[in-house]
Amino acid sequence: MFSVKKLMGAAALVVAGVSVTGAALAQSGESTMDRVKRTKELRVGAVAGAIPYFSKDLVSQKWEGFGPDFGESLAQKLGVNVKFVETTWGNAVLDLQANKIDLMFAMAPTPQRMEVVNFSKPLLNNTFTAVCKKGHAPVQTWEQLNTPDAKVVVDIGSNQDQFATRALPKASISRLESSGAATMSVQTGRSDCQVLVVLLSQPLIAKRPDVGAVYVPTPVETANTNVGLRKESNKDFENAVNAWLDESRAKGEIQSVVLKNMEKLAGVKAESFPKEVKF
């Protein structure tokens, strides 16, 4: 188990360091949109093995998932080519600030990140769910888990951690180093329920039904997933991304891309999502 104080301290140091880098880059002169137009290339961050967000075929080197599909669509809208630059969730903010990538899909706008990078309008809403061990009573409301007897587990520093801290102040919350470790805690009975966003909980249960069951407690709670952008005063690129988002959402393309990749890469069919889930 990790120390929250230590984590917050480390995060503060990273934010401070990245802020300096961002300030230096802001003086370089060329905006993101100017660079994209000049090079005719849109650099999209991609994370190997982050199904269904990103997946890289080791043989063909082809990228699949929400991010690559959205990247192709945006590049086509801008009339440029797309280039996928491999990164990690932990390094994506640094790569934006270092001008290694132009954007990062599926990035949550946490307060720490908002200090050092810009964000688009919401790309999609990710619904919070409770993945509960076998034999656990159905969880109809979040208040059912807001009790000292409820052993809740989350991956530390995540959206799930932030939500559980806010919504379940009375619960006994364990914060583990990864989502996988949190799932194992539920599977082995050390924890009752794991708080997990639906785009992760549905693939988990589809692949490992022995873990337990997924519930969407009321009130239905969601977290925005946005597009991370380099922090700059010039808003041309941000405006272009937001215009593409508005157009894609109006055509129903955001939801269709999500559902297509969930089935193709994670084996989760559209009809398996709880009716309360709206992207």
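Counting only heavy atoms from C-beta outward, the side chains of V268 and L259 never approach each other to under 4.5 Å. V139 has its side chain out of reach of V216: every pair of non-hydrogen atoms, C-beta onward, lies at least 4.5 Å apart. Counting only heavy atoms from C-beta outward, the side chains of R43 and R35 approach each other to under 4.5 Å. For the pair F70 and Y53, the minimum side-chain heavy-atom distance is 4.5 Å or more. Annotation: side chain of L96 is in contact with side chain of M107 (closest heavy-atom distance under 4.5 Å). The side-chain heavy atoms of L168 and T147, taken from C-beta on, include no pair separated by under 4.5 Å. Using a 4.5 Å cut-off on side-chain heavy atoms (C-beta onward), V154 and T165 make no contact. A 4.5 Å side-chain heavy-atom check between T225 and N125 finds every atom pair outside the cut-off.
Between M262 atom CE and F66 atom CZ the span is 5.5 Å, to the nearest 0.5 Å. Distance check: R113 CZ to E115 CD gives 13.0 Å after rounding to the nearest 0.5 Å. Considering CG of L229 and NZ of K235, their distance stands at 8.5 Å, rounded to 0.5 Å. Atom-to-atom distance recorded for Q187:CD and Q194:CD is 11.0 Å, nearest 0.5 angstrom. In this structure, CD on Q144 lies 8.0 Å from OG1 on T218, to the nearest 0.5 angstrom. Of the inter-residue distances, the one linking F84 atom CZ with F54 atom CZ reads 8.0 Å to the nearest 0.5 angstrom.
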Quiz item: Stepwise, does the side-chain hydrogen bond (donor to acceptor under 3.5 Å, both in side chains) test hold for N261 with E64?
Solution: CA-CA 8 Å; N261 281 285; E64 297 181 299; over 6 Å; no

Quiz item: Are V197 and L200 close enough, and set up right, to give a side-chain contact (heavy atoms from CB on, under 4.5 Å), and what steps lead you there?
Solution: CA-CA 6 Å; V197 289; L200 296 177; 3.8 Å; yes

Practice problem: Show your reasoning for whether salt bridge (Lys or Arg N to Asp or Glu O under 4.0 Å) applies to K77 and E247. | Solution: CA-CA 10 Å; K77 177 71 175 179; E247 183 178 316; 2.7 Å; yes

Quiz item: L42 and L103: side-chain contact (heavy atoms from CB on, under 4.5 Å), yes or no, with the steps?
Solution: CA-CA 8 Å; L42 178 69; L103 56 78; 4.1 Å; yes

Practice problem: For T87 and D95, run side-chain hydrogen bond (donor to acceptor under 3.5 Å, both in side chains): C-alpha distance rounded to whole Å, both residues' side-chain angles, the deciding distance at 0.1 Å, then the answer. | Solution: CA-CA 8 Å; T87 185; D95 287 346; 2.7 Å; yes

Practice problem: Dump the intermediate steps for side-chain contact (heavy atoms from CB on, under 4.5 Å) on T188 and M184, then the final yes or no. | Solution: CA-CA 6 Å; T188 57; M184 184 60 68; 3.8 Å; yes

Quiz item: Given K134 and D210, is the salt bridge (Lys or Arg N to Asp or Glu O under 4.0 Å) satisfied, shown in steps?
Solution: CA-CA 8 Å; K134 282 194 170 184; D210 58 311; over 6 Å; no

Exercise. Using the side-chain contact (heavy atoms from CB on, under 4.5 Å) rule, take S272 and Q202 through it: C-alpha gap first, then chi angles, then the decisive distance, then the call.
Key: CA-CA 8 Å; S272 70; Q202 286 295 112; 3.7 Å; yes

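Of all heavy-atom pairs spanning G189 and K151, the tightest one is O-NZ, 4.2 Å. Scanning both residues, L123 and A106, for their nearest heavy atoms gives CD2-N, 4.1 Å. Annotation for E177 and I156: closest pair CA-CG2, 4.3 Å, computed over non-hydrogen atoms. Taking each heavy atom of A181 and L176 in turn, the nearest pair found is O-CD1, 3.5 Å. Here the closest heavy-atom approach between residue M33 and residue A240 is recorded as CE-CB, 3.4 Å. Across P209 and A206, no two heavy atoms sit closer than the pair CD-O, 4.1 Å.
Side-chain atoms of S201 never come within 3.5 Å of backbone atoms of V131 as a donor-acceptor pair (strictly under, hydrogens ignored). A donor-acceptor pair is defined here as one N or O able to donate and one able to accept, closer than 3.5 Å; such a pair exists between the side chain of D57 and the backbone of V59. Side-chain atoms of S172 come within 3.5 Å of backbone atoms of P148 as a donor-acceptor pair (strictly under, hydrogens ignored). Between the side chain of S191 and the backbone N or O of C193 there is no donor-acceptor pair closer than 3.5 Å. Looking only at distances, no side-chain donor or acceptor of N91 sits under 3.5 Å from a matching main-chain atom of L94. Distance alone, capped at 3.5 Å, is enough to place a donor-acceptor pair between the N146 side chain and the K170 backbone. Within the 3.5 Å criterion, the main-chain N or O of V227 finds a donor-acceptor partner in the side chain of S120. Looking only at distances, no side-chain donor or acceptor of Q160 sits under 3.5 Å from a matching main-chain atom of D155.
Residue R230 is tested with N99, V117, N118, D102 for a side chain to side chain contact (heavy atoms under 4.5 Å, CB included); the sole match is N99.
K269 NZ: 12 or fewer foreign heavy atoms inside a 6.0 Å radius.
One hydrophobic cluster, built from ILVMFWY side chains closer than 4.5 Å, cannot hold both I51 and V47; they sit in different ones. When hydrophobic clusters are built by joining Ile, Leu, Val, Met, Phe, Trp and Tyr residues whose side-chain heavy atoms come closer than 4.5 Å, directly or via intermediates, L199 is not grouped with L265. When hydrophobic clusters are built by joining Ile, Leu, Val, Met, Phe, Trp and Tyr residues whose side-chain heavy atoms come closer than 4.5 Å, directly or via intermediates, V93 is grouped together with W89. Note on V195: it clusters hydrophobically with I173, by side-chain heavy-atom contacts below 4.5 Å among ILVMFWY residues.
Salt-bridge formation is detected for the pair E30/R38: a Lys NZ or Arg NE/NH1/NH2 atom is positioned less than 4.0 Å from an Asp or Glu carboxylate oxygen. For the pair K56 and E86, the salt-bridge criterion is met [side-chain N within less than 4.0 Å of a carboxylate O]. Taking 4.0 Å as the cut-off between side-chain N and carboxylate O, K133 and D192 count as a salt-bridged pair. A salt bridge does not link R249 to E253: none of the charged side-chain nitrogens sits closer than 4.0 Å to a carboxylate oxygen. Using a 4.0 Å cut-off between charged side-chain N and carboxylate O, K260 and D69 make a salt bridge.
Using cut-offs of 30° and 60° for the angle between ring planes, the F163 and F128 rings count as parallel.
E232 and T32 are linked by a side-chain donor-acceptor pair at a separation below 3.5 angstrom, with hydrogens and angles left out of the test.
Aromatic pair W142/Y215: centroids not less than 6.0 angstrom apart.
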